[in-house]
Amino acid sequence: MKRFLQKLTVSIVLRVVHAALVELQKQDSRVAGEFKRMPEGLSYSIYTGHQGPQLHVMWQGGKLRRLRSLDKATCTLHIKSLPLAFRLFTGQMGLAQAYAAHAFTMAGEVADVMRLARLVNVVEAYLFPNIINRRIMTDIPKPEVCFLRTYGRVALGFLTCRYKLSH
């Protein structure tokens with residue numbers, strides 16, 4: 001049961017991270033700037049342990065599209081286990097702590113990896129309360145819009161099926 005709940009939670013968080021990136025591209029100048037500099041076809045895959053939830057996204061046509069799978073992503077993040085992914089995606093461990101603990105491996109160009117890290121930091125600043133952010137981040141990005149607005153846009157996006165899979 002514990003594994004099932006961890007898998008469900010990680011799956012939901014991955015979907016919310018994608019949705020938050022889509023919405024923050026329109027609301028936050030730092031996220032918009034990262035996407036503006038992103039080359040067409042840049043793709044990221046996130047794997048969470050053996051047979052755990054996955055996220056595959058590609059920057060295509062000015063949009064961050066969520067895909068069912070990718071043959072070869074530009075940048076790949078492999079989190080070593082589902083329990084580690086659960087800790088990372090629920091704010092119990094920050095990206096820097098996970099890196100120090102060798103909780104994941106990455107493949108791809110350093111610039112693309114750093115772009116992903118910057119985007120994740122901004123998303124965390126919006127999605128997690130400051131009490132958690134202070135524990136998992138050394139430099140907390142200041143939100144440019146109210147986090148409630150972001151949550152509202154993400155919820156509305158899910159209700160209207162705005163984040164469906166692309167083929």
Side-chain angles (χ1 to χ4, degrees), residues 1-25 28 31 34 42-59 63-108 112-137 140-141 143 147 150-167:
M1 182 62 140
K2 180 180 178 180
R3 181 168 170 78
F4 171 78
L5 291 175
Q6 285 180 337
K7 196 172 184 176
L8 179 64
T9 301
V10 169
S11 180
I12 290 169
V13 171
L14 285 172
R15 295 279 311 275
V16 169
V17 165
H18 168 255
L21 284 170
V22 168
E23 296 305 331
L24 287 172
Q25 177 194 356
D28 189 287
V31 175
E34 290 292 344
L42 183 89
S43 58
Y44 291 102
S45 287
I46 300 174
Y47 298 92
T48 59
H50 180 67
Q51 295 185 341
Q54 304 172 6
L55 176 66
H56 308 282
V57 294
M58 179 181 283
W59 180 247
K63 294 182 180 178
L64 187 65
R65 300 187 186 282
R66 187 170 62 92
L67 306 170
R68 192 172 309 283
S69 65
L70 273 169
D71 291 332
K72 176 108 172 89
T74 309
C75 183
T76 304
L77 172 69
H78 285 274
I79 302 170
K80 292 185 177 178
S81 70
L82 184 61
L84 285 169
F86 179 79
R87 289 185 60 210
L88 185 63
F89 291 129
T90 57
Q92 297 174 44
M93 175 190 297
L95 200 56
Q97 292 166 313
Y99 177 77
H102 303 287
F104 64 86
T105 59
M106 292 201 84
D112 298 325
V113 170
M114 294 309 298
R115 178 180 285 122
L116 179 61
R118 287 189 299 270
L119 288 169
V120 167
N121 272 343
V122 174
V123 168
E124 284 178 346
Y126 280 96
L127 297 181
F128 290 134
N130 276 339
I131 193 162
I132 292 175
N133 283 336
R134 276 189 236 115
R135 207 178 68 230
I136 64 173
M137 286 192 268
I140 303 168
F147 73 95
T150 304
Y151 274 111
R153 289 184 60 97
V154 166
L156 185 62
F158 279 119
L159 289 173
T160 59
C161 300
R162 194 175 335 161
Y163 315 118
K164 60 186 172 201
L165 283 169
S166 296
H167 298 285

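We number each residue from 1, following the sequence as shown. The structure displayed is predicted, hence computed values, not measured ones.
Side-chain N or O atoms of Q97 include one that pairs as donor or acceptor with a backbone N or O of G94 at under 3.5 Å. Checking side-chain atoms of K7 against main-chain N and O of P53 turns up no donor-acceptor pair under 3.5 Å. The closest donor-acceptor contact from the side chain of Y151 to the backbone of L127 lies under 3.5 Å. Listed for the S43 side chain is no donor-acceptor partner under 3.5 Å among the backbone atoms of M58.
The structure places CD1 of I79 at 5.0 Å from CG of L88, a figure rounded to the nearest 0.5 Å. Note: L5 CG to T9 OG1 = 6.0 Å, rounded to the nearest 0.5 Å. Considering CG of L55 and OH of Y47, their distance stands at 10.5 Å, rounded to 0.5 Å. Distance check, rounded to the nearest 0.5 Å: CD of Q6 to OG of S11 gives 13.0 Å. Here the CG atom belonging to L119 is positioned 9.5 Å from the CG atom belonging to L24, to the nearest 0.5 angstrom. Distance check, rounded to the nearest 0.5 Å: CG of L84 to NE2 of H102 gives 12.0 Å.
The minimum heavy-atom distance linking V10 with F89 is given by the pair CG1-CD1, 3.8 Å. Of all heavy-atom pairs spanning D112 and T74, the tightest one is OD2-CG2, 3.3 Å. What you find for R162 and R153 is that their closest heavy atoms are NH2-O, 3.9 Å. Scanning both residues, E23 and V154, for their nearest heavy atoms gives CG-CG2, 4.0 Å. Scanning both residues, A20 and V123, for their nearest heavy atoms gives CB-CG1, 4.1 Å.
Few gaps surround CE on M106; more than 12 heavy atoms of other groups in view lie less than 6.0 Å from it.
Considering only heavy atoms from C-beta on, R115 comes within 4.5 Å of Y44 through its side chain.
One side chain, Y126 or D28, offers a donor N or O that lies under 3.5 Å from an acceptor on the other. Judged by distance alone, the side chains of S45 and H56 do bring a donor and an acceptor atom under 3.5 Å apart.
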*Could you walk me through whether Q54 and I46 pass the side-chain contact (heavy atoms from CB on, under 4.5 Å) test, one step at a time?*
CA-CA 5 Å; Q54 304 172 6; I46 300 174; over 6 Å; no
_Test log, rule side-chain contact (heavy atoms from CB on, under 4.5 Å), inputs H78 and T48_ = CA-CA 6 Å; H78 285 274; T48 59; over 6 Å; no
*Just do the side-chain contact (heavy atoms from CB on, under 4.5 Å) check on K2 and F86 with the steps written out, would you?*
CA-CA 11 Å; K2 180 180 178 180; F86 179 79; over 6 Å; no
*asked:* Assess the residue pair R118 and V122 against the criterion (side-chain contact (heavy atoms from CB on, under 4.5 Å)); give the C-alpha distance rounded to whole Å, side-chain angles, the decisive distance to 0.1 Å, and a yes or no.
replied: CA-CA 6 Å; R118 287 189 299 270; V122 174; 5.9 Å; no
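For F158, the ring pair (Phe, Tyr, Trp, His ring centres under 6.0 Å) partners two or more places apart in sequence, or in a different chain, are Y163.
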